[in-house]
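Below, read A as the first sequence line, B as the second, and so on, with proteins coming before strands; counting in each chain starts at 1. None of the values given here were measured: they were computed from a predicted structure. All values below come from the heavy atoms of this structure, side chains included, with hydrogens, waters and symmetry mates left out.
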2 protein chains.
Amino acid sequence: MRNKYVLIYQEMVQKIEKETFKANEFLPSENELAEQYQTSRETIRKALNLLAQNGYIQKIRGKGSTVIERNKFDFPVSGLVSFKELADKMGEKPITAVHQCAKVSANDFIQKQLKLKDNQEVWEIIRTRSFSEQRIILDKDYLITKTVPYISKDIAETSIYNYLENELGLIISFAKKEIIVEEPTAEDRELLDLEGFHNIVVIKNYVYLDDATLFQYTESRHRPDKFRFVDFARREH
Amino acid sequence: MRNKYVLIYQEMVQKIEKETFKANEFLPSENELAEQYQTSRETIRKALNLLAQNGYIQKIRGKGSTVIERNKFDFPVSGLVSFKELADKMGEKPITAVHQCAKVSANDFIQKQLKLKDNQEVWEIIRTRSFSEQRIILDKDYLITKTVPYISKDIAETSIYNYLENELGLIISFAKKEIIVEEPTAEDRELLDLEGFHNIVVIKNYVYLDDATLFQYTESRHRPDKFRFVDFARREH
DNA sequence: GAGTGGTCTAGACCACTCA
DNA sequence: GAGTGGTCTAGACCACTCA
C-alpha cells in the first residue's frame, strides 16, 4: 500500500491530464480536498507540493492552486529520463543495436568518472539508436560490477533501467547531468550517420543509488539536429 | 523575518559548504537537530527536504542523512540561473553589449511564444556577451509591456533580473526551458565571433510569475564550444 | 470578514538499520 | 531493542485576497 499523499498526487495528475481539472482553473481548496479525501490538510499539502514541483499547478497565496497550461508533448515532466521513456514520448520507435556488452578493465577516463581506486573491471555497453534507418544516438554506458554483477546483450537491447530497477532491485535515486557540444570522434563517425554534421551533443550522466553511491557513468552522444532537452524549473527565493 | 525552516536550511548549506558537515558523513539526526534548533521535527524535515532536493544531502532510511560529495564548480545548484549568476560561477567577467532595447510590435513568432492575442508591443532586448574579446553569447529577450512598463539600456547592461525582482518587485516563479542546436542565422553571424563553428546552441526560456502568467521569452544563443549545462535531478519513483 | 494558502507544533505509529 | 527517517494527524496562528 502506497502512501496516501502519493496516491492523492497520482489521482490529481490523472484528473489534470484528463482535464477534469482544466488549465487556468482553480483546484478545490486544501480544506475541501482534505474533506474529500478524508485526510488532514498537511497530507493534502504534500500532494499539492508534488504537483507544484512537477509543473502541474501553481499555488497562489490567498487565492488557491491553478492548473498550469502544459503541452504534454513539448514539456514532459523533467528529471531523469531513460532513453526508452524518451522515445515513447517522441512517438517513433527507435531501433537499438548493441555493439559492445562486456566486462572490461576501466581506463583512466572511466576510473576518474566513476571515482574508482584502481583499474577495476566495469561493464562497458555501447549502443546505437536508429530512427528511420538513421543512426542518431550513440550511448556508452559504464556500470560498476560490484553493484551490477551481470548484464547481457539482450538486456542492453531492451532497457537497462528496467533490468536494474525491477530485476536487480536497485533504487536509483539521483543523477548529475552535464550537456556539452564536442567534435565527433572517430567512433562517432564510424557508428553514427553524421550526414555532414560537425558537432555532437554529449549528455554525461552520473547516476547514484539511494545510498548515495555512484554506480553508473553514461555518455549519450546525439546528432545535433535530433537533440532536444526540455526542463521545468522552479526558481528558489 | 524569514521562515524557520528556510533559516535552518540556509545555515546548514553554509555548514556543508564550509565543511563543518563533511562529504560522506552523517548529519545529526532529525531529533537531535530539532533539539538543537528548538523546533519540531517536521520543521527540521522541511529544511532537510530542501537540502535533498538541491543535491546537498541524501536521506537514508534507518540510518540518517549523508552529505553528498559535490564539486561546487562543476555542479552548481541547478534550476533557473540568470546569465550574471552563471558568469559569477565561471570566474571570468563577461562584457555585455546592448544592441537593441526598444518597444516593438511583436511579430508572429514572438506572439506565439508569449501567447499574445494580437500584435501588442513588447520590449525587445538584444545583447551580446563577450569573454576575452570574443563575442560568445547572443541573448534575445522579449518582455510583456503590461508587466514591465519600462526598461532602459542601462538596466539591460547590468542585470534585467535584478531590476525585475528588486526594482519592480516581480516574483519570478518558474520557467520552461528548451535546449536545441540550430544553424547560425545571419544575425548570429553578424553579432557573434563564430570562428568557423557551424552550429549554435539555443536555450529557449519561457518565464512565469508567481500568478502563473507568462511574461518573458528569452533565447540565449551560445557558441557551441563555450556552452555547458549542468543539472541535478532526483528520480521520481 | 470569510476564505485561501504558508508555517509550525507535539505527538503518534510505522519500516528500516545495526549491534 | 534503541535509533533512524517516513507518514499522518488535528489544531493553531499567520499573511494574503477579495467582495
Side-chain angles (χ1 to χ4, degrees), chain A residues 1-12 21 24-53 56-68 169-171 173-174 209-213 234-237, chain B residues 1-12 21 24-53 56-68 169-171 173-174 209-213 234-237:
Chain A
M1 166 75 177
R2 295 291 288 275
N3 297 323
K4 209 183 276 190
Y5 77 92
V6 176
L7 291 173
I8 295 171
Y9 163 71
Q10 288 167 340
E11 192 172 319
M12 297 188 77
F21 296 142
N24 301 318
E25 285 183 5
F26 281 90
L27 294 182
S29 76
E30 295 181 351
N31 285 315
E32 281 171 329
L33 289 168
E35 178 62 26
Q36 275 178 36
Y37 285 100
Q38 282 295 298
T39 187
S40 69
R41 219 185 110 211
E42 283 286 19
T43 297
I44 291 296
R45 284 181 54 74
K46 279 194 184 170
L48 294 186
N49 284 337
L50 272 183
L51 289 169
Q53 223 171 85
Y56 287 99
I57 64 168
Q58 177 70 358
K59 310 178 94 187
I60 306 172
R61 155 117 83 174
K63 297 183 74 174
S65 297
T66 83
V67 178
I68 294 176
L170 297 178
I171 299 172
S173 185
F174 60 91
L209 298 174
D210 60 339
D211 63 355
T213 57
R234 288 199 170 266
R235 184 163 179 89
E236 299 179 59
H237 281 108
Chain B
M1 167 77 177
R2 296 290 286 276
N3 297 323
K4 209 183 273 190
Y5 78 90
V6 176
L7 291 172
I8 294 171
Y9 164 70
Q10 288 168 340
E11 191 171 322
M12 298 189 78
F21 296 142
N24 301 318
E25 286 183 4
F26 281 92
L27 294 182
S29 75
E30 296 181 350
N31 285 316
E32 282 170 329
L33 289 168
E35 177 63 28
Q36 275 178 36
Y37 284 100
Q38 281 296 298
T39 187
S40 69
R41 218 185 112 211
E42 283 286 18
T43 297
I44 291 296
R45 283 179 56 72
K46 279 194 185 170
L48 294 186
N49 284 338
L50 272 184
L51 289 169
Q53 223 171 84
Y56 286 100
I57 64 169
Q58 176 72 358
K59 309 179 94 188
I60 306 172
R61 157 114 83 172
K63 296 182 76 174
S65 297
T66 83
V67 178
I68 294 177
L170 298 178
I171 299 172
S173 185
F174 61 90
L209 298 175
D210 60 339
D211 63 355
T213 57
R234 290 199 169 266
R235 185 164 178 86
E236 300 177 59
H237 280 109

Atom OH of A:Y37 and atom P of D:dT7: how far apart are they, to the nearest Å?
18 Å

Sequence-distant partners of B:A52, side-chain contact (heavy atoms from CB on, under 4.5 Å), two or more places apart
B:I57, B:K59, B:R234

Does a side-chain N or O from B:Y5 land closer than 4.0 Å to OP1 or OP2 of C:dT7, or not?
yes

What pairs with A:T39 under side-chain hydrogen bond (donor to acceptor under 3.5 Å, both in side chains), at least two apart in sequence or on another chain?
none

Identify the two heavy atoms, one from A:L33 and one from A:P28, that lie closest to each other, and give their separation to 0.1 Å.
CD1-O, 3.5 Å

Just the rounded figure in Å: distance from P of D:dG6 to CG of A:L50.
14 Å

Starting at atom NZ of A:K46, determine the distance to atom C1' of C:dG5, rounded to an integer number of angstrom.
17 Å

Around atom CD of A:Q36, are there more than 12 heavy atoms from other residues, nucleotides or ligands closer than 6.0 Å?
yes

Pair A:E42-B:E42, side chain to side chain contact (heavy atoms under 4.5 Å, CB included): steps then yes or no
CA-CA 11 Å; A:E42 283 286 19; B:E42 283 286 18; over 6 Å; no

NZ of B:K59 versus C1' of D:dT4: gap in Å, rounded?
11 Å

Determine whether the side chains of A:T213 and A:D211 contain a donor N or O and an acceptor N or O closer than 3.5 Å.
yes

Carefully, step by step, assess B:Y9 and B:L51 under the rule side chain to side chain contact (heavy atoms under 4.5 Å, CB included).
CA-CA 7 Å; B:Y9 164 70; B:L51 289 169; 3.6 Å; yes

Integer-rounded Å distance: C:dT4 C1' and B:D211 CG:
16 Å

Compare side-chain N and O positions of B:T43 against OP1 and OP2 of C:dT9 and report whether any pair is under 4.0 Å apart.
yes

DNA chain C contacts among residues 25-36 of chain B, heavy-atom distance under 4.0 Å
none

What pairs of nitrogen or oxygen atoms, one from the protein and one from nucleotides 11-19 of chain C, lie under 3.5 Å apart?
{"residue": "C:dC18", "atom": "OP1", "partner": "B:K63", "partner atom": "NZ", "Å": "2.7"}

The reported gap from CZ in A:F174 to CD in B:Q58 (rounded to nearest 0.5 angstrom) is 5.0 Å

Starting at atom CZ of A:R45, determine the distance to atom P of D:dA10, rounded to an integer number of angstrom.
17 Å

Any stem touching DNA chain C, meaning at least three consecutive Watson-Crick or G-U pairs under 3.5 Å, ordered by first number, would be C:1-18 with D:1-18

Can you list everything that forms a salt bridge (charged side-chain N to carboxylate O under 4.0 Å, His left out) with A:E11? Sequence neighbours excluded, please.
A:K15

For B:Y9 and C:dG6, give me the distance from atom OH to atom C1', rounded to whole Å.
18 Å

Got a sec: does the CD of B:E25 have more than 12 other heavy atoms crowding it under 6.0 Å?
yes

What is the minimum heavy-atom distance between A:T43 and A:Y5, and which atoms define it?
O-CB, 3.6 Å

Value in whole Å for how far the C1' atom of D:dC8 lies from CD1 of A:I8
11 Å

May I ask you to verify if any side-chain N or O of B:T39 is less than 4.0 angstrom from the OP1 or OP2 atom of C:dT9?
yes

